[in-house]
Amino acid sequence: MITPPTPRHVLILGGTAEGRRLAAELAADPALRVTSSLAGRVAQPRLPAGQVRIGGFGGPDGLARWLREQQADAVIDATHPFAGTISFNAAQAAAEVHVPLLALRRPGWVAGQGDDWHSAGSLAEAADLLPALGERVFLTTGRMGLGAFAHLTRLWFLVRSVDAPEPPMPPHTEVLLDRGPFTVEGEAELLRRHRVDVLVTKDSGASATAAKLVAARDAEVPVVVVRRPPVPDGLPAVGTVGEAVEWVRGVLG
């Protein structure tokens with residue numbers, strides 16, 4: 001009797017739509033064992049295929065220990081483009097344990113004709129730009145970091161997030177709990193109904209939340225776009241799930 005080979009273990013640092021699609025692709029291969037790690041910041045996350053762990057690792061040392069104990073053969077960083085800390089932790093841990101690491105990064109958004117975009121390097125920089133751009137702000141940067149806007153007491157904010165935000169936040173705030181994907185028609189109606197005159201977003205990329213940019217362009221509403229944080233130098237990266245699958249097949253044979 002021939003003993004089947006032990007499945008190779010792939011860790012996906014997930015929490016994104018790309019991470020879920022990648023887990024589904026890899027989990028369908030009986031030669032692979034897939035574990036997706038989610039940060040746990042969303043109360044009811046969409047769970048990917050395969051095994052799932054929720055919560056942090058305890059920094060790069062904790063992640064390196066987990067990779068050794070779980071005998072991981074490869075790691076794919078498919079986290080949100082703004083989850084910068086885990087990307088650096090993964091690079092340090094993978095290098096320490098000598099496990100191949102790939103970043104799956106969705107392409108960022110690119111301004112087109114008719115867009116009125118204003119670039120910001122942080123939420124604080126975005127807040128500094130707002131008083132000159134409008135008084136009724138559609139804030140789509142998530143529930144974290146709202147304190148950066150709390151001092152803007154003369155502005156009104158519509159804050160959209162999956163889970164309810166916590167203080168500190170601007171005094172004149174209306175919270176909208178919702179999860180994408182969104183449509184251009186729905187976003188346009190939201191801008192009209194709330195008389196929004198400036199939009200704030202992070203350059204998260206992908207199509208699920210891009211409809212607001214089209215709606216803002218059509219309504220001639222300026223957009224403050226927070227740039228992505230830096231990523232580890234020298235880390236190989238791809239932009240699609242298909243490319244990530246091919247990378248796994250290449251490094252694991």
Side-chain angles (χ1 to χ4, degrees), residues 14-22 24 38 41-48 78-83 104-123 125-127 129-130 133-146 148-149 155-165 169-170 173-229 239-242:
T16 59
E18 293 84 4
R20 291 190 295 273
R21 292 201 300 270
L22 178 61
L38 310 181
R41 293 180 177 176
V42 177
Q44 295 181 321
R46 296 171 177 170
L47 298 181
T79 55
H80 191 277
F82 282 82
L104 173 55
R105 289 284 183 268
R106 66 181 72 150
W109 290 318
V110 179
Q113 185 175 1
D115 285 320
D116 181 12
W117 288 12
H118 303 259
S119 179
S122 65
L123 293 178
E125 286 187 21
L129 294 174
L130 288 179
L133 294 174
E135 298 180 347
R136 297 182 66 82
V137 184
F138 184 19
L139 191 57
T140 64
T141 55
R143 67 187 182 92
M144 311 293 289
L146 298 185
F149 304 90
L155 305 186
W156 177 88
F157 288 82
L158 175 65
V159 174
R160 182 167 66 191
S161 62
V162 176
D163 293 320
M169 66 180 70
T173 296
E174 180 176 334
V175 176
L176 174 62
L177 300 182
D178 203 356
R179 188 198 300 260
F182 304 104
T183 66
V184 174
E185 294 76 12
E187 299 290 64
E189 170 59 25
L190 200 65
L191 295 180
R192 285 193 297 269
R193 183 177 356 123
H194 293 282
R195 295 180 287 115
V196 169
D197 54 16
V198 59
L199 166 68
V200 182
T201 185
K202 293 177 177 178
D203 181 16
S204 57
S207 60
T209 56
K212 61 192 172 189
L213 300 175
V214 179
R217 178 196 308 148
D218 293 343
E220 299 183 345
V221 168
V223 181
V224 177
V225 181
V226 181
R227 299 189 300 272
R228 295 180 176 188
T240 68
V241 170

Distance-only donor-acceptor hits, side chain of residues 214-222, under 3.5 Å, sequence neighbours excluded:
{"unit_1": "Arg217", "atom_1": "NE", "unit_2": "Asp115", "atom_2": "OD1", "d": "2.9"}
{"unit_1": "Arg217", "atom_1": "NH2", "unit_2": "Asp115", "atom_2": "OD2", "d": "3.4"}

Any side-chain heavy-atom pair of [X] and [Y] under 4.5 Å:
X      : Y      : answer
Arg46  : Thr16  : no
Leu176 : Leu190 : yes
Arg106 : Ser204 : yes
Val175 : Pro165 : yes
Ser119 : Asp203 : no
Glu174 : Leu158 : yes
Phe82  : Thr141 : no

Identify the heavy atoms of [X] and [Y] that sit nearest to each other, and give their distance.
X      : Y      : answer
Ala120 : Val224 : CB-CG1, 4.1 Å
Gly239 : Leu104 : C-CD1, 3.9 Å
Val226 : Ala126 : CG2-CB, 4.0 Å
Ser161 : Gly142 : CB-C, 4.2 Å
Gly19  : Ala78  : CA-CB, 3.9 Å

Original post:
Atom CZ of Arg143 and atom CE of Met169: how far apart are they, to the nearest 0.5 Å?
Top reply: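 The distance works out to 10.5 Å.
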
Original post:
How many angstroms lie between atom OG1 of Thr240 and atom CZ of Arg105, to the nearest 0.5 angstrom?
Top reply: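 Taking OG1 in Thr240 and CZ in Arg105, the distance rounds to 14.0 Å.
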
Original post:
What's the verdict on side-chain contact (heavy atoms from CB on, under 4.5 Å) for Lys202 and Leu123, showing C-alpha distance, side-chain angles and the deciding distance?
Top reply: CA-CA 9 Å; Lys202 293 177 177 178; Leu123 293 178; 4.3 Å; yes

**OP:** Take Asp116 and Leu133 through the side-chain contact (heavy atoms from CB on, under 4.5 Å) test and state the conclusion after the steps.
**Re:** CA-CA 11 Å; Asp116 181 12; Leu133 294 174; 5.7 Å; no

Original post:
What residues form a salt bridge (Lys or Arg N to Asp or Glu O under 4.0 Å) with Glu135, not counting sequence neighbours?
Top reply: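 By the salt bridge (Lys or Arg N to Asp or Glu O under 4.0 Å) rule, Glu135 matches no residue at all.
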
Original post:
Backbone N or O of Val196 within a donor-acceptor pair of the His194 side chain at under 3.5 Å?
Top reply: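 No, because the side chain of His194 does not come within donor-acceptor range (under 3.5 Å) of the backbone of Val196.
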
**OP:** Determine, step by step, whether Leu213 and Trp117 satisfy the side-chain contact (heavy atoms from CB on, under 4.5 Å) criterion, reporting the C-alpha distance in whole Å, the side-chain angles of both residues, the deciding distance to 0.1 Å, and the verdict.
**Re:** CA-CA 10 Å; Leu213 300 175; Trp117 288 12; 3.9 Å; yes

**OP:** Please assess Phe149 against Leu130 for the test side-chain contact (heavy atoms from CB on, under 4.5 Å), listing each intermediate value before the final yes or no.
**Re:** CA-CA 9 Å; Phe149 304 90; Leu130 288 179; 3.8 Å; yes

**OP:** Tell me, please, which residues at least two apart from Thr140 pass side-chain contact (heavy atoms from CB on, under 4.5 Å).
**Re:**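 Result, side-chain contact (heavy atoms from CB on, under 4.5 Å) vs Thr140: Phe138, Arg160, Leu199, Thr201, Lys212.
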
